[in-house]
Amino acid sequence: MILIGIGANLSTPGLGTPRNACEVALRELEKQGIAIERRSRWYRSEPVPVSDQPWYINGVALLQTPLPPDELLQRLHGIENSLGRVRKVRNEARVIDLDLLSYDGLVSQPGACPILPHPRLLERAFVVLPLVEVAPEWRHPVTGKSGKELISGLPAGQVTELDD
């Protein structure tokens, strides 16, 4: 089971709204032969850590690909770059963000790239809520916790809501 997080909080002339940027990113994955088996609804969330940035649109997709984790991460970064993502400062506003959350239950060794599962997955409501929607049977490969357990263990104060 391969899971990615998708997010954006900046509008651009070329992509339009953050939600549209997320949709374009998913289409780019499919153009590269990466199958999207399931995807969550879109969620709106305030930035983490809290800042004066615009709110984010976030979702999770379940993928099917023969690419190994490092090559998949390279593809994700390539799509981000092609859509105008520029990395300057951690936690900055972004046109698009594609994160490899989990890859078939693999757990990375210290110092490996990519880091699997995603190291901040357990702390983010905007990841856990859509992840559980897409893959309710998924368990965290390190903690063994179920989706419901992950939801109940989220830090307090994160505002995440459906973007209808």
Side-chain angles (χ1 to χ4, degrees), residues 1-9 22 25-26 28-30 32-51 53 55-81 85 87-94 96-163:
M1 184 175 300
I2 303 168
L3 296 160
I4 64 163
I6 308 123
N9 72 335
C22 293
L26 289 173
E28 288 300 315
L29 284 166
E30 290 181 315
Q32 294 190 27
I34 299 168
I36 298 168
E37 289 190 357
R38 279 183 260 161
R39 56 181 272 197
S40 70
R41 295 173 288 177
W42 296 116
Y43 289 76
R44 288 184 68 246
S45 63
E46 66 182 342
V48 176
V50 175
S51 71
Q53 293 180 25
W55 279 41
Y56 280 82
I57 296 296
N58 295 100
V60 168
L62 173 65
L63 307 181
Q64 185 65 31
T65 180
L67 295 172
D70 58 336
E71 289 182 33
L72 177 57
L73 184 62
Q74 286 177 356
R75 296 277 180 102
L76 296 178
H77 288 168
I79 291 168
E80 288 178 339
N81 293 339
R85 167 103 189 248
R87 295 174 188 268
K88 294 180 191 169
V89 179
R90 187 174 178 175
N91 297 320
E92 67 187 340
R94 55 203 68 158
I96 192 68
D97 187 26
L98 300 172
D99 289 325
L100 183 54
L101 302 174
S102 182
Y103 189 104
D104 287 340
L106 293 176
V107 178
S108 300
Q109 296 299 315
C113 184
I115 300 170
L116 292 169
H118 190 284
R120 290 173 300 285
L121 181 157
L122 297 172
E123 306 163 5
R124 311 286 203 227
F126 62 81
V127 173
V128 173
L129 295 172
L131 186 152
V132 170
E133 180 183 329
V134 168
E137 68 284 3
W138 184 82
R139 289 186 167 271
H140 192 279
V142 174
T143 67
K145 291 184 178 181
S146 69
K148 287 183 181 180
E149 291 170 316
L150 293 176
I151 290 170
S152 67
L154 287 167
Q158 294 183 44
V159 180
T160 300
E161 58 195 35
L162 281 172
D163 184 55

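Note that the coordinates shown come from a computational prediction; the quantities given were computed from them, not determined experimentally. Nothing fancy with the numbering, it's 1 onward along the sequence.
Under the side chain to side chain contact (heavy atoms under 4.5 Å, CB included) criterion, Leu63 pairs with Ile2, Ile4, Leu29, Ile34, Ile36, Ala61, Leu72, sequence neighbours left out. Residues satisfying the ring-ring contact (aromatic ring centres under 6.0 Å, His included) test with His140, not counting sequence neighbours, are Trp138. Residues passing the side chain to side chain contact (heavy atoms under 4.5 Å, CB included) test with Gln53, sequence neighbours excluded: Asn9, Pro47, Ser51, Tyr56, Ala93. Partners of Asp97 by salt bridge (charged side-chain N to carboxylate O under 4.0 Å, His left out), not counting sequence neighbours, listed by chain and number: Arg85, Arg94.
Minimum heavy-atom separation, Arg38 to Pro136: NH1-CD, 4.3 Å. The minimum heavy-atom distance between Ala125 and Pro130, with the atom names listed, is O-CD, 3.8 Å.
Residues Leu121 and Leu131 are in side-chain contact: their nearest non-hydrogen atoms beyond the backbone lie under 4.5 Å apart. No side-chain heavy atom of Arg39 sits under 4.5 Å from any side-chain heavy atom of Val60. No side-chain heavy atom of Val132 sits under 4.5 Å from any side-chain heavy atom of Lys148.
Between the side chain of Glu80 and the main chain of Leu98, a donor-acceptor pair closer than 3.5 Å is present. Glu71 contributes no side-chain N or O that, together with a main-chain N or O of Pro68, makes up a donor-acceptor pair within less than 3.5 Å.
We find the OH-OG1 distance between Tyr103 and Thr65 to be 6.5 Å, quoted to the nearest 0.5 Å. The structure places CG of Leu129 at 10.0 Å from CG of Asn58, a figure rounded to the nearest 0.5 Å. In this structure, OH in Tyr43 is found 5.0 Å from CG in Leu162, a value given to the nearest 0.5 Å. Here Leu3 contributes atom CG and His118 contributes atom NE2; the two are 12.5 Å apart, rounded to the nearest 0.5 Å. Annotation: the span from Phe126 atom CZ to Thr160 atom OG1 amounts to 7.5 Å, rounded to 0.5 Å.
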Practice task
Could you walk me through whether Gln32 and Ile79 pass the side chain to side chain contact (heavy atoms under 4.5 Å, CB included) test, one step at a time?
Solution key: CA-CA 10 Å; Gln32 294 190 27; Ile79 291 168; 3.5 Å; yes
Practice task
Kindly determine whether Cys22 and Ile96 satisfy side chain to side chain contact (heavy atoms under 4.5 Å, CB included), including the steps that lead there.
Solution key: CA-CA 7 Å; Cys22 293; Ile96 192 68; 4.2 Å; yes
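Each salt bridge (Lys or Arg N to Asp or Glu O under 4.0 Å) pair with one or both residues in residues 118-135, not counting sequence neighbours, appears once here: Arg41-Glu133.
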Name each donor-acceptor pair under 3.5 Å that joins a side chain in residues 105-117 to protein atoms two or more places apart or in another chain, with its distance.
from   : atom 1 : to     : atom 2 : distance (Å)
Ser108 : OG     : Pro114 : O      : 2.7
Ser108 : OG     : Leu116 : N      : 2.7

